[in-house]
Visitor: 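This is the structure I have questions about; it appears just below.
Positions are given from 1, in the same order as the sequence printed here.
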Amino acid sequence: MTLNAYKLIYLYCILIKKIWRKIMTSKELNADLTQGKPFIKILIFSMPLIGGSIFQQLYNFIDTIIVSRFLGIDALAAIGAYYPLSFLVLGFIQGSCIGFSIPLSQDFGAKNHDAIKKDLFNGSLICLVLTLTITPLMIMVAGYLLEILNTPQEIMSIATNFTMISFCGIPSNILYNYSSSILRAQGDSKHPFFFLILSLAINIVLALIFILFFNLGLNSIAIATVISEFFAGILNVVYYIKHPSFVKISLSRNFFNFQIFTHICIIGFPMGVEYSISALGAIVMQNAINSLGIYAVAAQSAGDKIRQLFTLPMESVGAAVATYMAQNYGSKQSARLKNGIKASLTIQIIWSLFSFILILFLKKPIINLVLGVSKGPVFSMTHQYLTIVSYFFIIHGSLMIFRNTLQGLGHSMYAVISGVGELIGRSIGGYLAITSLSYTMICYSNQLAWIVSLSYCVIALSFVSKKDTLLY
């Protein structure tokens with residue numbers, strides 16, 4: 001086993017070296033999304049985001065395999081118990097950081113360099129305040145939150161340790177998400193993708209080293225993630241500073257502006273709240289899953305890891321749409337806004353159909369790869385989960401387009417209400433699962449949330465379009 005581990009580490013080191021060379025020789029400039037065919041522009045800009053999502057999920061996929069094979073079902077269930085808290089806290093951070101970059105995208109589209117400098121300074125200041133407040137708070141309440149979720153006692157100890165270490169990495173998460181967002185806001189989705197791949201490769205190497213040679217157990221996964229995410233964030237910052245095409249801020253000048261500071265908060269934090277409200281629904285659902293026993297927890301954890309491999313690329317297209325809409329709204333190009341919605345919906349439909357077909361034929365070997373078994377209750381429940389969720393991929397893809405369109409246009413409060421729709425959908429599914437002790441209802445909870453939220457976003461966008469002359 002030790003020899004094989006050394007071989008795997010050696011192969012990843014070679015991969016890291018090749019990726020680093022690719023980064024250093026890349027000469028791609030910023031992408032201006034205000035020109036060119038919308039379908040091609042969105043697709044090209046989305047590709048690094050999709051690639052990043054796929055590699056992120058491949059890492060989670062490999063991570064799940066490592067945990068299940070080396071550490072057992074209890075460790076896998078502990079990660080599943082942590083997931084809704086991750087969704088709640090890290091989702092808030094990710095959504096907020098994306099929101100902080102929306103004014104930057106709009107000013108980039110308007111070619112207003114002075115405004116970009118002020119956006120960067122005030123957005124960075126907000127991230128610093130957020131880091132200093134949310135990190136100690138979440139570390140202190142980690143164990144209490146797991147108790148609220150009715151985490152099974154047999155995994156409570158390892159789940160608490162894993163959660164606390166993960167929350168210690170909140171500064172790294174903020175650094176990576178905001179630095180990636182400001183690069184993408186100015187049209188560069190390629191380099192955050194490269195840096196993500198590099199960090200994921202380092203993550204896996206560190207996780208294997210900590211598990212096999214330092215015997216740190218499940219904590220290995222959390223520690224490796226914190227280190228690698230910090231590394232990726234530093235790479236984003238260094239690249240931004242060194243690359244001549246980006247607008248820079250000077251520390252010798254005072255760019256603080258209360259009006260801009262407030263405007264960024266008004267757009268950014270509601271997007272973070274929207275992610276967290278959706279996560280509250282996931283917490284309700286996780287509570288229902290926990291009440292069904294450890295097999296249900298492990299099956300849903302494994303099934304959701306696989307599901308995200310297919311749905312996160314849809315979310316990446318949505319993120320690209322937010323940047324596209326922000327830039328074109330800033331440059332006041334009405335026709336491109338409407339055509340962008342049509343083009344992005346076409347991309348989502350194609351990917352949804354491809355994903356459905358792939359799961360239809362390959363779900364059994366994929367589940368076997370994750371769990372290491374081809375039968376038993378956990379295998380059957382994971383199979384059921386994937387079968388049901390794959391029928392609703394188009395709904396999820398469409399939701400990402402309409403929600404991110406609203407966000408890119410600066411209407412982040414509407415996105416918050418769409419998060420309430422997801423909360424309602426997951427809460428209903430969780431309640432029905434608890435009252436009927438039915439795992440099948442768990443399998444339908446996400447889809448119900450998507451349908452409710454999508455319905456609201458379509459109505460909200462129609463309302464916004466009628467009020468804004470640029471969209472009507």
Visitor: So does F162 get a backbone contact from the side chain of S166, meaning a donor-acceptor N/O pair under 3.5 Å?
Guide: yes
Visitor: Using side-chain heavy atoms (C-beta onward) and a distance below 4.5 Å, is F393 in contact with F354?
Guide: no
Visitor: Taking all non-hydrogen atoms of both residues into account, name the closest pair between N236 and S180 and its distance.
Guide: ND2-OG, 2.9 Å
Visitor: Checking side-chain polar atoms at under 3.5 Å, does E229 have a donor or acceptor matched by the opposite partner on N173?
Guide: yes
Visitor: Start with the C-alpha gap between F167 and Y82, add the side-chain angles, then the distance that decides, and say whether side-chain contact (heavy atoms from CB on, under 4.5 Å) holds.
Guide: CA-CA 11 Å; F167 284 161; Y82 160 74; 4.2 Å; yes
Visitor: For the CZ atom on F356, are there more than 12 heavy atoms of other groups (residues, nucleotides or ligands in this structure) within a distance under 6.0 Å?
Guide: yes
Visitor: Quick one: are I223 and I165 in side-chain contact, heavy atoms under 4.5 Å?
Guide: yes
Visitor: Is there a side-chain contact (heavy atoms from CB on, under 4.5 Å) between I93 and Y178 once you walk through the steps?
Guide: CA-CA 9 Å; I93 292 171; Y178 185 62; over 6 Å; no
Visitor: Between V226 and S172, which heavy-atom pair has the shortest distance, and what is it?
Guide: O-OG, 3.5 Å
Visitor: State whether the side chain of N404 and the backbone N or O of Q407 hold a donor-acceptor pair below 3.5 Å, judged by distance alone.
Guide: no
Visitor: Going by the angle between their ring planes, with limits at 30° and 60°, are H191 and F194 parallel, tilted or perpendicular?
Guide: perpendicular
Visitor: Hey, does H263 have a side-chain heavy atom less than 4.5 Å from the side chain of P103?
Guide: yes
Visitor: Are R184 and S101 side-chain neighbours, meaning at least one heavy-atom pair lies under 4.5 Å?
Guide: no
Visitor: To the closest 0.5 Å, what do you measure between CD1 (I367) and CD1 (I306)?
Guide: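 Here the interatomic distance stands at 5.0 Å.
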Visitor: Could you tell me whether the side chain of Q348 and the main chain of I394 form a donor-acceptor pair under 3.5 Å?
Guide: no
Visitor: Do you know which two heavy atoms are closest between T133 and L130, and how far apart they sit?
Guide: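 Shortest heavy-atom contact: OG1-O, 3.1 Å.
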Visitor: Atom CD1 of I202 and atom OG of S228: how far apart are they, to the nearest 0.5 Å?
Guide: 7.5 Å
Visitor: Let me see the working for Y240 and D188 under side-chain contact (heavy atoms from CB on, under 4.5 Å), right down to the final yes or no.
Guide: CA-CA 10 Å; Y240 188 93; D188 187 353; over 6 Å; no
Visitor: Any side-chain heavy atom of V317 sitting closer than 4.5 Å to one from W351?
Guide: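 No; the side chains remain at least 4.5 Å from each other.
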Visitor: To the closest 0.5 Å, what do you measure between CD1 (I459) and CG (L454)?
Guide: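 Between atom CD1 of I459 and atom CG of L454 there are 9.5 Å.
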Visitor: With a 6.0 Å cut-off (strictly less than), is the heavy-atom count around CZ of F392, excluding the residue itself, greater than 12?
Guide: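 Buried by this count: over 12 neighbours within 6.0 Å.
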Visitor: side-chain contact (heavy atoms from CB on, under 4.5 Å) for L183 and K190? Distances and angles first, verdict last.
Guide: CA-CA 9 Å; L183 285 171; K190 181 178 179 181; over 6 Å; no
Visitor: Scan for side chain to side chain donor-acceptor pair (under 3.5 Å) pairs involving residues 314-326, sequence neighbours excluded, and state none if there are none.
Guide: S53-S316, E315-H396
Visitor: Rounded to the nearest 0.5 Å, how far apart are CD1 of I266 and CE of M271?
Guide: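 If we round to the nearest 0.5 Å, I266:CD1 and M271:CE are 14.5 Å apart.
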Visitor: With distance as the sole criterion, is a donor-acceptor pair present between the side chains of S453 and R403 under 3.5 Å?
Guide: yes
Visitor: Okay, side chain of S199, backbone of L196: is any donor-acceptor separation there less than 3.5 Å?
Guide: yes
Visitor: Going from CD1 on I221 to CD1 on I204, what distance comes out if it is rounded to the nearest 0.5 angstrom?
Guide: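 Result: 9.5 Å between the selected atoms.
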Visitor: For residues C168 and T135, determine if any side-chain heavy atom of one lies less than 4.5 Å from a side-chain heavy atom of the other.
Guide: no
Visitor: Between S179 (side chain) and Y176 (backbone), is there a donor-acceptor pair under 3.5 Å?
Guide: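 Present.
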Visitor: Would a distance-only check, ignoring hydrogens and angles, find a side-chain to backbone donor-acceptor pair under 3.5 Å from N122 to K118?
Guide: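 Yes; judged by distance alone, with no hydrogens or angles, the pair exists.
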Visitor: Would you say the side chain of I170 lies within less than 4.5 Å of the side chain of T131, judging by non-hydrogen atoms?
Guide: no
Visitor: Once side-chain contact (heavy atoms from CB on, under 4.5 Å) is applied, do any residues pair with M47, and if so which ones, sequence neighbours excluded?
Guide: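 Only L43, I50 meet the side-chain contact (heavy atoms from CB on, under 4.5 Å) criterion with M47.
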Visitor: Hydrogens and angles aside, do Y385 and D304 bring a side-chain donor and acceptor to less than 3.5 Å of each other?
Guide: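 Note: Y385 and D304 side chains meet the donor-acceptor criterion.
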Visitor: Answer yes or no: does atom CZ of F379 have more than 12 heavy-atom neighbours from other residues, nucleotides or ligands under 6.0 Å?
Guide: yes
Visitor: Ignoring hydrogens and angles, tell me if any N or O in the side chain of T151 forms a donor-acceptor pair with the backbone of E147 under 3.5 Å.
Guide: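 Answer holds: no.
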Visitor: Are F230 and I234 close enough that some pair of their side-chain heavy atoms sits under 4.5 Å apart?
Guide: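 Contact flag for F230/I234 side chains = yes.
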Visitor: Classify the side-chain pair Y391/Q447 by whether it contains a donor and acceptor separated by less than 3.5 Å.
Guide: no
Visitor: Show your working on ring pair (Phe, Tyr, Trp, His ring centres under 6.0 Å) between F121 and F256 and close with a plain yes or no.
Guide: CA-CA 7 Å; F121 183 88; F256 177 75; 7.2 Å; no
Visitor: Which distance, rounded to the nearest 0.5 Å, do you find between the CG of L358 and the CD1 of I366?
Guide: 6.0 Å
Visitor: Work out which heavy atom in A232 is nearest to a heavy atom in F195; give both atom names and the distance.
Guide: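 In this case the closest contact between A232 and F195 is CB-O, 4.0 Å.
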Visitor: Could you report the tightest heavy-atom contact between C127 and I174, atom names first, then the distance?
Guide: CB-CG2, 3.8 Å
Visitor: Which atoms form the tightest heavy-atom contact between S105 and A326, and what is the distance?
Guide: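 Of all heavy-atom pairs spanning S105 and A326, the closest is CB-CB, 3.4 Å.
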Visitor: Would you please indicate if the ring centroids of F269 and F100 are separated by under 6.0 Å?
Guide: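 F269 vs F100: aromatic centres under 6.0 Å.
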